[in-house]
Structures are given as C-alpha cells and as structure tokens.
Amino acid sequence: MARILSISLSKGGVGKTTTAVNLSAALSISGRRVLLIDTDTQAQAGKALGVRPEVGLADFILGNAKFEQALVEARPNLHLLSGGHRLAAVKQVIAEADMRQEETLAHALSPYAQYYDYVILDTSPGWDNLQINVMFFAQEILTPVNLEALSLDGLIEFTHRIKEVSRYHPVELRYVLPTALDRRVKQTEEILPQLDGYFGDAVCQPIRYNVRLSEAPAYGQHIFEYDPSSNGARDYMELTRRIVHDE
Ligand SMILES: Nc1ncnc2c1ncn2[C@@H]1O[C@H](COP(=O)(O)OP(=O)(O)OP(=O)(O)O)[C@@H](O)[C@H]1O
Ligand SMILES: [Mg+2]
C-alpha cells in the first residue's frame, strides 16, 4: 500500500514545494514509485521539474481525462499530476457536490494509489475546500516551518485543524520540518527547542538555508540533478532516509 503524505501548512513560502519536489525526487531515485500531486493553482511543482503538462489533476477530477492521460512521467519512477489554474473549477465541483464534499478527491484518487509506494501532495497556502479534501485523502502530514518567520500560534492552529479532520479520517501530523535554517540568526536558536518541546520526535533534522535549493527550480532540475554535493541535497537525502526508515 502506498503511503499518502501531504506537505502542508496554511502559511505561504515555507518550503512546501521545495520539499515536495526534492523528497519525491529522492524517493524515486531510491527506487520507490512516486506519484507527486500538485494541488496548487500556481503549478510550481511541474515548473521545478522542468515540465509544463497540458493536463493535470483538474482534468482528471473534472472527468476530462483518464488518470493515465492526466499524468506525466517527469522522471523515472516519478509521475506528476500537475496543478494549475483549472483547479478553481475543481473547487467549484467540490462546493456543489451533493454529498461527502470533503471526500471528492479521495474518492477519485484512492483507486490509483495502489500503483505507487508514495503519493506526495504539494499543497497551496491557505485553507479552502481543496485543502480539506487533501486532508481527507492523506494519511500523514509533513509540515515545513520556516524558523525565521515562524508563527508558533499559526502552527498550533494548523495542528488543531488536522486533529479536527482526524475525528473523521485517520490522518496525523507525522513530521515537522524546519526549513531554511540559518544558525547565525539568533531567533532560530530560541525557536528550535520550543518546536522540540511541542512536537517532540516529530521534529526532523532541519533543512539548512542553501541558495542552491532556490536556484534549481529555474533550471527545471531537482537538487540531486542541479547540485548533488550541496548541503540542500544532503539535507533532503537525510530527510528521505528518515521517512523511508518509518516504512
Ligand atoms: N532551504 C532553503 N534554502 C534556501 N531557499 C529555500 C529553501 N527552501 C525553500 N527556499 C526558497 O524559498 C522560497 C519559498 O519556497 P517554496 O516555494 O518551496 O515555498 P512554498 O511553501 O511552496 O510557497 P507557497 O506557499 O507560495 O506555495 C522559494 O524561492 C524557494 O526556492
Ligand atoms: Mg508551493
């Protein structure tokens, strides 16, 4: 059975897409079959992998394409269901569903999860009916937190939302990942212990600030292609090891 892992936090610009893309890449390199699903209208995940598919998640959910037609093989072992502005129509369809609105996505995608070892979801910031649908499909949540701009309150509120969903569907906050860590920033040293205190073992070894991670998407490459010897590549490989260890 596939592990269905969503990279989520309501806050923007914390490293969700960077994590979704590079974790998916590392898992696929390790031989796992990965489906990366982008539920963001900005379609950044595809751009980061250098593909701009004409079709994607929206076409599949709206019934305009079969599953196999809607995805692209971005890399060996790495399939992508792209995001894009047509997801607005999906939100409309969800809002108009007569029953079980929150399970629209899960209902459509669940039959296909069995073909993969991992389903990774890259999500948009904010909290709308599509995000709620993602929570009802995912089993595990990985939350990237940017230490420099961390609002612990916002993070705790987000965990309450996951708890609320978990009353109806088994989903848990499994990983909290500090991103863009810079130990020279004083605030970082104060916040890390707070994070440990609150989330304990769920806190992963941080991803260091690494400019190579921010350069790679412009070349349509993941970090293991763009600069495999960078700290960014090392840190995402370490994260992948930890996640695979929990299989
Ligand atoms: N560890 C890092 N070191 C340096 N830059 C990083 C790191 N992680 C992410 N970035 C950069 O920070 C910016 C935001 O990252 P990213 O797009 O992954 O965030 P996001 O949470 O997906 O944003 P959004 O909420 O808009 O979808 C990007 O320019 C990205 O390249
Ligand atoms: Mg993003």
Side-chain angles (χ1 to χ4, degrees), residues 5-26 36-53 56-58 74 80-85 87-88 91 120-128 130-131 134-135 138 141-151 154-155 157-158 161-162 173 175-185 187-188 191-192 195 203-240 242:
L5 180 66
S6 181
I7 316 298
S8 303
L9 181 67
S10 353
K11 197 166 156 44
V14 292
K16 292 184 292 293
T17 301
T18 306
T19 299
V21 165
N22 290 306
L23 173 62
S24 296
L36 172 58
I37 303 178
D38 183 359
T39 67
D40 194 341
T41 50
Q42 301 173 85
Q44 298 287 358
K47 286 175 205 159
L49 288 166
V51 292
R52 286 164 196 266
L57 176 63
L80 171 74
L81 264 183
S82 181
H85 61 271
L87 286 171
K91 296 178 195 186
I120 306 288
L121 294 122
D122 179 22
T123 63
S124 56
W127 185 257
D128 58 15
L130 188 53
Q131 289 317 304
V134 168
M135 295 291 157
I141 309 289
L142 182 158
T143 293
V145 294
N146 183 322
L147 293 180
E148 260 176 72
L150 177 69
S151 120
L155 182 56
E157 192 195 323
F158 181 70
R161 285 175 173 167
I162 299 173
L173 177 59
Y175 305 105
V176 174
L177 176 69
T179 57
L181 177 89
D182 183 350
R183 294 218 180 252
R184 290 167 302 182
V185 177
Q187 200 198 345
T188 297
I191 283 178
L192 264 183
L195 219 49
V203 181
C204 302
Q205 196 172 303
I207 306 294
R208 284 166 284 185
Y209 179 87
N210 180 224
V211 73
R212 307 299 270 171
L213 284 169
S214 56
E215 291 166 0
Y219 297 88
Q221 293 182 329
H222 57 67
I223 194 65
F224 308 101
E225 294 164 335
Y226 182 67
D227 191 348
S229 63
S230 62
N231 283 341
R234 274 197 204 102
D235 292 347
Y236 274 109
M237 200 45 91
E238 187 52 43
L239 172 71
T240 306
R242 165 163 185 175

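Quantities reported herein were computed from a predicted structural model and do not represent experimental measurements. We count ligands from 1, going down the list as the structure has it; atoms in each ligand are counted the same way.
- Around ligand 1 you find G12, G13, V14, G15, K16, T17, T18, D40, Q42, P125, A180, I207, R208, Y209, N210, L213, S214, each with a heavy-atom distance below 4.0 Å.
- When each of R208, R242, R212 is paired with D235, the salt bridge (Lys or Arg N to Asp or Glu O under 4.0 Å) condition holds for R208 and for no other.
- Every residue two or more places apart in sequence or in another chain that forms a side chain to side chain contact (heavy atoms under 4.5 Å, CB included) with I191 is listed here: L147, L150, Q187.
- I207 has its side chain out of reach of T18: every pair of non-hydrogen atoms, C-beta onward, lies at least 4.5 Å apart.
- At most 12 non-hydrogen atoms from other residues, nucleotides or ligands lie less than 6.0 angstrom from CZ of R52.
- Applying the side-chain hydrogen bond (donor to acceptor under 3.5 Å, both in side chains) test to residues at least two apart or on different chains, the pairs with a partner in residues 216-225 are R75-E225, H222-E225.
- Residue K16 comes nearest to K11 through the heavy atom pair NZ-O, 2.7 Å, listed as atom of the first residue, atom of the second, then distance.
- Between the side chains of D227 and S229, at least one donor N or O sits under 3.5 Å from an acceptor N or O.
- Within the protein, the N, O or S atoms lying under 2.8 Å from the Mg ion (ligand 2) are T17 OG1.
- Residues L121 and S8 fail the side-chain proximity criterion, which asks for heavy atoms closer than 4.5 Å.
- In this structure, I223 and G232 approach most closely via the heavy-atom pair CG1-C, 4.1 Å.
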